[in-house]
Amino acid sequence: MTDLQGSILALIQSLLERSDKADITVALDTPIHGDGLGLDSLETAELSAMLEDEFGTDPFGEGLMPETVAEIVAFYSSAGESGASVPA
Amino acid sequence: MTDPRTVVVTGGSRGLGAGIVQSFLDSGDRVASCSRSSTPQVKEWEAEHPDRFLFVEADIADREQSTAFVKAVVAKWDSIDVLVNNAGVARDGILALLSDEDSDTVVDLNLKATIHLTKQVVRTMLARRSGRIVNISSITGLTGYRGLTVYGATKAAIDGFTRGLAREVGSRGITVNSIASGYLRTEMSHGLDEGQLNQIVRRTPAGRLGEPDDIARAVQFLVDERNDWLTGHVLVVDGGLTC
Ligand SMILES: NC(=O)c1ccc[n+]([C@@H]2O[C@H](COP(=O)([O-])OP(=O)(O)OC[C@H]3O[C@@H](n4cnc5c(N)ncnc54)[C@H](OP(=O)(O)O)[C@@H]3O)[C@@H](O)[C@H]2O)c1
């Protein structure tokens with residue numbers, strides 16, 4: 001697992017903990033909504049704000065609607081490739 | 001003494017906003033403010049409290065400048081505990097004669113700029129699940145006042161925004177309230193003539209116009225950490241004028 005994957009998983013885990021959903025296991029292929037993490041719209045907004053706090057940008061704020069944890073990770077790794085700075 | 005909070009007050013360079021900034025500096029908090037231009041009062045605070053007063057020259061009706069202002073506050077102090085949406089403008093004149101430009105100016109600042117700035121700030125509050133938001137509204141949004149149709153409409157809209165947002169973020173430790181202010185002795189009320197002002201004073205049970213401090217005390221009450229059960233409310237502070 002890369003540092004980027006690790007820090008995104010940790011961030012999602014902390015969101016789940018404070019939403020009383022700590023029993024859910026998060027993996028890269030876990031869907032964000034529905035049967036996966038089951039985030040509602042407010043929790044999705046929180047995730048978006050927490051990602052922005054941590055990394056300066058976030059996929060939801062850019063108008064993308066990632067469906068899985070892996071798609072969130074991909075947003076930052078492709079930003080890295082295009083030269084934008086991504087603190088790990 | 002509680003830990004200092006980070007407080008954002010828009011339009012704090014003069015008038016009511018300056019009174020609110022002063023009140024939070026007095027209560028030991030960190031205060032960030034913005035307006036289109038600096039004033040001697042702002043310079044004085046910058047010199048007096050370099051570590052807990054931040055001023056950014058910004059026209060918040062311009063989304064980029066508004067975003068840059070919020071980013072500057074978060075860069076300096078990490079998070080925002082209290083937001084007071086105070087910056088506002090009134091253009092008086094009966095609707096049939098009001099220019100489109102004047103009505104756009106009022107809607108762009110009082111409504112659109114307030115919504116945009118609040119969106120930025122509520123995101124940082126959501127990330128930490130706590131916050132206090134106070135929108136400075138006006139009794140003209142509740143009762144209507146001739147010559148202030150568009151202004152009153154923006155204030156009524158802000159009260160609606162207050163209620164909707166209070167419901168949206170209530171479960172996350174964030175409260176949102178409005179203060180419907182009565183007529184204050186600031187530059188804004190210079191649009192009213194002597195006759196209108198005298199009439200307002202005569203009809204006000206408390207027998208005088210409001211001072212910035214009258215409103216600042218109400219703001220302090222609404223943002224008190226203990227007041228987490230007071231949300232979605234429009235608090236009228238007007239010397240009794242509309243009671
Ligand atoms: N005065 C009253 O009787 C009264 C009654 C009820 C409610 N209110 C409300 O109280 C609030 C403050 O009013 P006030 O009487 O203190 O008005 P004011 O004396 O005219 O002060 C307005 C403040 O907002 C700033 N501002 C104006 N346009 C701005 C912009 N585009 N971007 C950033 N800052 C801007 C001004 O600085 P710059 O000009 O340098 O930008 C100034 O600091 C308003 O929301 C008003 O609607 C006032």
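The chains referred to below are lettered A, B, ... by the order of the sequence lines, with proteins before strands, and numbering in each begins at 1.
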Item to complete: Check whether any side-chain heavy atom of A/Tyr76 lies under 4.5 Å from a side-chain heavy atom of A/Leu51, and answer yes or no.
Response: yes
Discussion item. Would you say that more than 12 heavy atoms from the other residues, nucleotides or ligands in this model lie under 6.0 Å from the CG of A/Asp35, or not?
Written reply: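 Open: at most 12 neighbouring heavy atoms sit under 6.0 Å from CG of A/Asp35.
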Practice prompt. With sequence neighbours excluded, tell me which residues meet side-chain contact (heavy atoms from CB on, under 4.5 Å) with A/Ala74.
Written response: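 Expected list: none.
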Discussion item. Applying side-chain contact (heavy atoms from CB on, under 4.5 Å), can you list everything that pairs with B/Ala75, at least two apart in sequence or on another chain?
Written reply: none
Worksheet, complete the sentence: Rounded to the nearest 0.5 Å, the CD1 atom of B/Ile139 sits from the CD1 atom of B/Ile179 at a distance of 13.5 Å
Worksheet entry | Intermediate values then yes/no, side-chain contact (heavy atoms from CB on, under 4.5 Å), A/Ile32 and A/Thr68 | CA-CA 5 Å; A/Ile32 297 170; A/Thr68 61; 5.5 Å; no
Short of 3.5 Å, which donor-acceptor contacts do chain A and chain B share? List atoms and distances.
from	atom 1	to	atom 2	distance (Å)
A/Arg18	O	B/Arg129	NH1	3.0
A/Arg18	NH1	B/Ala127	O	2.8
A/Arg18	NH2	B/Leu126	O	3.1
A/Arg18	NH2	B/Ala127	O	3.4
A/Ser19	OG	B/Arg129	NH2	3.0
A/Glu46	OE1	B/Arg129	NH2	3.0
A/Glu46	OE1	B/Arg172	NE	2.7
A/Glu46	OE1	B/Arg172	NH2	3.1
A/Glu46	OE2	B/Arg129	NE	2.5
A/Glu46	OE2	B/Arg129	NH2	3.2
A/Glu46	OE2	B/Arg172	NE	3.4
A/Ser48	O	B/Arg123	NH2	3.3
A/Ser48	OG	B/Arg123	NH1	2.8
A/Ser48	OG	B/Arg123	NH2	2.9
A/Glu52	OE1	B/Arg123	NE	3.1
A/Glu52	OE1	B/Arg123	NH2	3.0
A/Asp53	OD2	B/Arg128	NH1	3.1
A/Asp53	OD2	B/Arg128	NH2	3.2
A/Asp58	OD1	B/Arg123	NH2	3.1

